[in-house]
Asker: 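So that we are looking at the same thing, I have put the structure below in structure tokens.
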Amino acid sequence: MSFIASLEPHVIMYILSSISEGLTALDTMVCTGCCSCLDHIVTYLFKQLSRSSKKRGAPPPQESERFLHIMQQHPEMIQQMLSTVLNIIIFEDCRNQWSMSRPLLGLILLNEKYFAELRNSIVSSQPPEKQQAMHLCFENLMEGIEGNLLTKNRDRFTQNLSAFRREVNDSMKNSSCGPNSNEMMS
């Protein structure tokens, strides 16, 4: 990641746009590879932001600072990928859900405000009788999730995401998205 962070801004943006395109690829291997790359980038960003907010020890390397600056100048790139991954999980036949879950948590934690806007948009786009159920699905998705990318937290999120996807599909069919429909989380 330190090599990628040291690249010129236009090269970084090209890499990110290529990853973004790959997320929607029909070839599962391409999509899975892009998810893995995105997870590494998001994890790197999250760690750098966590370090800079704690202000401990030596300052981060110059390339880290530059990479963070580029991402702050172009938040729409990461936001677009968050939207893409979430839409694939909710509305498409997602064959590599585990791979999609890995960068999704980091994307959500890096963009909590944007995630809330997306959630509200998705909920309000549902028929009125299904909005409450969809809102509950999103509540269950983040249940027990902490603001970190530790393995235990990621694994919990992956389990929640499996239940979320099942609940959303049920909700879109019959508007039931309650505590009885998430056996996996027990």
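Numbering of residues begins at 1 and proceeds along the displayed sequence. Note that this is a predicted model, so its numbers are computed, not measured.
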Asker: Tell me the closest heavy-atom pair linking Tyr44 and Ala5, and the distance in Å.
Answerer: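 Of all heavy-atom pairs spanning Tyr44 and Ala5, the closest is OH-CB, 3.6 Å.
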
Asker: Short question: side chain of Ser125, backbone of Ile122 - any donor-acceptor pair under 3.5 Å?
Answerer: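 Checking the backbone N and O of Ile122 against the side chain of Ser125, a donor-acceptor pair under 3.5 Å is found.
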
Asker: Atom CZ of Phe67 and atom CG of Leu45: how far apart are they, to the nearest 0.5 Å?
Answerer: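 Reported to 0.5 Å precision, the distance equals 4.5 Å.
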
Asker: Work out which heavy atom in Val123 is nearest to a heavy atom in Gln131; give both atom names and the distance.
Answerer: O-CG, 3.1 Å

Asker: Do we see a donor-acceptor contact under 3.5 Å between the side chains of Asn87 and Ser83?
Answerer: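 The answer is yes; a qualifying pair exists.
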
Asker: Using modelled atom types only, decide if a donor and an acceptor are shared between the side chain of Asn153 and the backbone of Leu149 within a distance under 3.5 Å.
Answerer: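 Such a contact is absent between Asn153 side chain and Leu149 backbone.
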
Asker: Can you list the steps and then say if Asp155 with Arg102 is a salt bridge (Lys or Arg N to Asp or Glu O under 4.0 Å)?
Answerer: CA-CA 9 Å; Asp155 291 345; Arg102 299 325 253 189; 3.1 Å; yes

Asker: Work out which heavy atom in Cys34 is nearest to a heavy atom in Gly22; give both atom names and the distance.
Answerer: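 Cys34 and Gly22 have their closest heavy atoms at SG-CA, 3.4 Å.
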
Asker: Which heavy atom of Pro103 sits nearest to which heavy atom of Cys35, and what is that distance?
Answerer: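 Between these two residues, the closest heavy atoms are CG-O, 3.7 Å.
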
Asker: How many angstroms lie between atom CD of Gln126 and atom CD of Gln132, to the nearest 0.5 angstrom?
Answerer: 12.5 Å

Asker: Assess the residue pair Ile90 and Phe164 against the criterion (side-chain contact (heavy atoms from CB on, under 4.5 Å)); give the C-alpha distance rounded to whole Å, side-chain angles, the decisive distance to 0.1 Å, and a yes or no.
Answerer: CA-CA 9 Å; Ile90 294 174; Phe164 171 79; 3.7 Å; yes

Asker: What I'd like to find out is whether the side chain of Phe157 reaches to under 4.5 Å of the side chain of Leu141, using heavy atoms alone.
Answerer: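 Yes. Closest side-chain heavy atoms under 4.5 Å.
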
Asker: Please test Leu136 against Glu167 for side-chain contact (heavy atoms from CB on, under 4.5 Å), starting from the C-alpha separation and ending with a verdict.
Answerer: CA-CA 9 Å; Leu136 185 57; Glu167 291 172 350; over 6 Å; no

Asker: A side-chain contact here means heavy atoms from C-beta on lying under 4.5 Å apart; do Leu68 and Arg51 qualify?
Answerer: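 Answer no - side chains too far apart.
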
Asker: State whether the side chain of Ser6 and the backbone N or O of Phe3 hold a donor-acceptor pair below 3.5 Å, judged by distance alone.
Answerer: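 Looks like yes, one N/O pair under 3.5 Å.
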
Asker: Taking C-beta and beyond as the side chain, do Met142 and Ile108 meet within less than 4.5 Å on heavy atoms?
Answerer: yes

Asker: Just wondering, do Leu110 and Phe46 contact through their side chains at under 4.5 Å, heavy atoms?
Answerer: yes

Asker: Nearest 0.5 angstrom please: Arg119 CZ to Met134 CE, how far?
Answerer: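 The distance works out to 12.5 Å.
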
Asker: Keeping the roles fixed (side chain from Ser20, backbone from Leu16), state whether a donor-acceptor pair exists under 3.5 Å.
Answerer: no

Asker: Less than 4.5 Å apart, side chain to side chain, heavy atoms only: is that true for Leu107 and Tyr114?
Answerer: no

Asker: Side chains of Gln97 and Ser101 only: does a donor on one sit below 3.5 Å from an acceptor on the other?
Answerer: no

Asker: What I'd like to find out is whether the side chain of Arg66 reaches to under 4.5 Å of the side chain of Glu8, using heavy atoms alone.
Answerer: yes

Asker: Check step by step if side-chain contact (heavy atoms from CB on, under 4.5 Å) holds for Arg154 and Thr43.
Answerer: CA-CA 11 Å; Arg154 286 178 183 258; Thr43 301; 2.6 Å; yes

Asker: Between Asn160 and Glu143 (side chain of the first, backbone of the second, donor and acceptor by atom type, cut-off under 3.5 Å), is there such a pair?
Answerer: yes

Asker: Within this structure, what is the CG-CE distance for the pair Leu38 and Met81, rounded to the nearest 0.5 Å?
Answerer: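 Leu38 atom CG to Met81 atom CE measures 5.0 Å (nearest 0.5 Å).
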
Asker: Between atom CG of Asp93 and atom CD1 of Ile88, what is the distance when rounded to the nearest 0.5 Å?
Answerer: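 Going from CG on Asp93 over to CD1 on Ile88, the span is 11.5 Å.
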
Asker: Is there side-chain contact between Glu112 and Glu117, with at least one heavy-atom pair below 4.5 Å?
Answerer: no

Asker: Give the minimum heavy-atom separation between Cys31 and Ala25, together with the two atoms involved.
Answerer: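 Between these two residues, the closest heavy atoms are CB-O, 4.2 Å.
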
Asker: Measure the spacing between CZ of Arg156 and CD of Glu146 and express it to the nearest 0.5 Å.
Answerer: 10.0 Å

Asker: Let me check something: do Ile41 and Val30 share a hydrophobic cluster, defined by ILVMFWY side-chain heavy atoms less than 4.5 Å apart, either directly or through other members?
Answerer: no

Asker: Does any part of the side chain of Leu23, heavy atoms only, come nearer than 4.5 Å to the side chain of Gln80, both counted from C-beta?
Answerer: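 The answer is no; the side chains never approach within 4.5 Å.
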
Asker: Establish whether Trp98 and Leu161 are linked, either directly or via other cluster members, by ILVMFWY side-chain heavy-atom contacts under 4.5 Å.
Answerer: no

Asker: Within the side chain of Asn111, is there an N or O that forms a donor-acceptor pair under 3.5 Å with the backbone of Gln79?
Answerer: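 Checking the backbone N and O of Gln79 against the side chain of Asn111, no donor-acceptor pair under 3.5 Å is found.
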
Asker: For a quick test of reading the model, state the closest non-hydrogen atom pair linking Cys94 to Arg165 and the distance between them.
Answerer: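 It is N-NH2, 2.8 Å.
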
Asker: Take atom OH in Tyr14; do more than 12 heavy atoms of anything else shown fall under 6.0 Å from it?
Answerer: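 No, not enclosed.
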
